[in-house]
Engineer: 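The structure follows.
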Amino acid sequence: MRKATQHQAKVTARERVIDAALELFQTQGYSATGLNQILAASGAPKGSLYHYFPEGKDQLACAAIEKATGIVIVELSKRVIGVTHVDELVTRMFDYFIDSMESSNFRKGCPIATITLEEAAENERIRSACANAYESWLFMLTQVLGALGIADPARVSNQLLSSIEGALILSRAKKSSSPMADMKNFMLRQTWSDE
């Protein structure tokens with residue numbers, strides 16, 4: 001019983017570090033976030049960072065990206081249940097990100113976009129983790145669009161995710177959801193091929 005409790009404490013400390021890193025990377029970026037800041041935000045013991053992430057900040061960033069990937073998949077999966085047309089999918093996806101952004105007072109957009117823009121050109125490990133995240137989201141969208149009868153679901157999922165990502169960046173820069181709303185309305189005016 002004691003071993004199980006110790007194991008749970010270790011998992012909890014590790015998760016707290018990942019959660020703190022994810023929050024800070026999303027809101028202020030990879031370079032601006034220090035390991036001491038992550039530890040302070042997590043409340044985890046000082047030695048826990050290198051105990052759980054012996055390869056340092058890059059390993060922690062990859063764990064945070066993986067967690068963000070799963071969170072978005074779970075949240076979007078909840079929203080696509082019962083979707084019968086692409087317009088419903090577009091609306092629900094845009095609304096999810098608009099709600100998330102507005103509730104954070106525009107401090108958050110896509111949970112991995114900030115780190116992708118900052119690190120992908122220079123850090124192959126982080127670039128690969130970000131690419132895997134986007135591929136996971138695209139795969140899920142492709143499956144949903146295929147089930148809706150879209151002729152080229154991979155192309156449409158790429159267009160949809162790309163439009164969301166670009167609009168999120170503009171919305172954060174303007175501190176307004178209007179770019180997201182404009183892009184949502186533009187996407188809703190598209191003709192989706194069901195052939």
Side-chain angles (χ1 to χ4, degrees), residues 18-30 32-33 41 61 64-120 126 129-150 152-194:
I18 292 171
D19 290 344
L22 176 56
E23 174 85 11
L24 291 166
F25 292 153
Q26 185 177 8
T27 56
Q28 65 186 32
Y30 182 81
T33 301
I65 291 164
E66 185 177 324
K67 178 153 191 181
T69 303
I71 290 168
V72 171
I73 286 175
V74 167
E75 291 302 317
L76 292 180
S77 295
K78 289 179 197 173
R79 285 158 180 80
V80 300
I81 293 171
V83 167
T84 59
H85 192 272
V86 180
D87 287 351
E88 282 182 88
L89 177 65
V90 168
T91 299
R92 291 180 187 191
M93 285 193 63
F94 272 91
D95 288 351
Y96 164 68
F97 284 108
I98 289 169
D99 291 346
S100 176
M101 194 172 42
E102 288 178 344
S103 68
S104 71
N105 196 28
F106 299 91
R107 289 178 46 81
K108 295 180 181 178
C110 168
I112 64 163
T114 304
I115 196 168
T116 302
L117 292 169
E118 189 178 345
E119 292 297 310
I126 290 177
C130 293
N132 289 337
Y134 287 121
E135 285 303 318
S136 296
W137 298 341
L138 288 167
F139 178 79
M140 182 199 76
L141 288 173
T142 300
Q143 298 302 305
V144 174
L145 289 163
L148 292 174
I150 298 302
D152 191 351
R155 180 184 57 81
V156 175
S157 66
N158 193 46
Q159 291 171 339
L160 180 55
L161 186 57
S162 296
S163 68
I164 289 170
E165 290 293 330
L168 280 168
I169 291 169
L170 288 175
S171 287
R172 280 191 78 186
K174 292 184 171 191
K175 209 169 184 181
S176 165
S177 57
S178 63
M180 284 291 286
D182 289 345
M183 182 54 74
K184 175 176 129 177
N185 290 332
F186 173 80
M187 294 298 283
L188 289 173
R189 290 192 303 270
Q190 303 308 302
T191 302
W192 308 107
S193 169
D194 294 23

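Counting from 1, the numbers follow the sequence of the chain as shown.
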Engineer: Can you find a heavy atom in the side chain of V80 that is under 4.5 Å from one in the side chain of L89?
Structural biologist: yes

Engineer: Under 3.5 Å, side chain of S163 to main-chain N/O of L160, donor-acceptor pair present?
Structural biologist: yes

Engineer: Which value, rounded to the nearest 0.5 Å, describes the distance between I71 atom CD1 and D19 atom CG?
Structural biologist: 7.0 Å

Engineer: How long is the gap from CG on D87 to CZ on R92, to the nearest 0.5 Å?
Structural biologist: 12.0 Å

Engineer: Are the side chain of R172 and the backbone of R107 linked by a donor-acceptor contact shorter than 3.5 Å?
Structural biologist: yes

Engineer: Between N158 (side chain) and A154 (backbone), is there a donor-acceptor pair under 3.5 Å?
Structural biologist: no

Engineer: Could you walk me through whether I164 and F94 pass the side-chain contact (heavy atoms from CB on, under 4.5 Å) test, one step at a time?
Structural biologist: CA-CA 7 Å; I164 289 170; F94 272 91; 3.5 Å; yes

Engineer: With a 3.5 Å cut-off and no angle check, do the side chains of Q28 and T33 form a donor-acceptor pair?
Structural biologist: yes

Engineer: Ignoring hydrogens and geometry, is there a side-chain-to-backbone donor-acceptor pair from S104 to M101 under 3.5 Å?
Structural biologist: yes

Engineer: Going by atom types alone, do T142 and S157 pair a side-chain donor with an acceptor below 3.5 Å?
Structural biologist: yes

Engineer: Are the side chain of Q26 and the backbone of G109 linked by a donor-acceptor contact shorter than 3.5 Å?
Structural biologist: yes

Engineer: Just wondering, more than 12 heavy atoms not from E66 lying within 6.0 Å of its CD?
Structural biologist: no

Engineer: Restricting to non-hydrogen atoms, name the atom on A64 and the atom on L22 that form the minimum distance, rounded to 0.1 Å.
Structural biologist: O-CD1, 3.8 Å

Engineer: How long is the straight-line distance from CD1 of I98 back to CE of M183, given to the nearest 0.5 Å?
Structural biologist: 11.5 Å

Engineer: Could you check whether any side-chain N or O of S100 sits under 3.5 Å from a backbone N or O of Y96, counting only pairs where one atom can act as donor and the other as acceptor?
Structural biologist: no

Engineer: Any side-chain heavy-atom pair from T116 and Y134 closer than 4.5 angstrom?
Structural biologist: yes

Engineer: Would you check if L168 and M180 make a side-chain contact, meaning some heavy-atom pair closer than 4.5 Å?
Structural biologist: yes

Engineer: If we ignore hydrogens and angles and just use 3.5 Å, is the side chain of E88 paired with the main-chain N or O of V83 as donor and acceptor?
Structural biologist: no

Engineer: Quick check against the 3.5 Å criterion: does W137 have a side-chain atom that pairs as donor or acceptor with the backbone of T69?
Structural biologist: yes

Engineer: Does the side chain of M187 come within less than 4.5 Å of V86's, by heavy atoms?
Structural biologist: no

Engineer: Assess the residue pair N105 and K175 against the criterion (side-chain contact (heavy atoms from CB on, under 4.5 Å)); give the C-alpha distance rounded to whole Å, side-chain angles, the decisive distance to 0.1 Å, and a yes or no.
Structural biologist: CA-CA 8 Å; N105 196 28; K175 209 169 184 181; 3.7 Å; yes

Engineer: Can you check side-chain contact (heavy atoms from CB on, under 4.5 Å) on F25 and I112, steps first, answer last?
Structural biologist: CA-CA 8 Å; F25 292 153; I112 64 163; over 6 Å; no

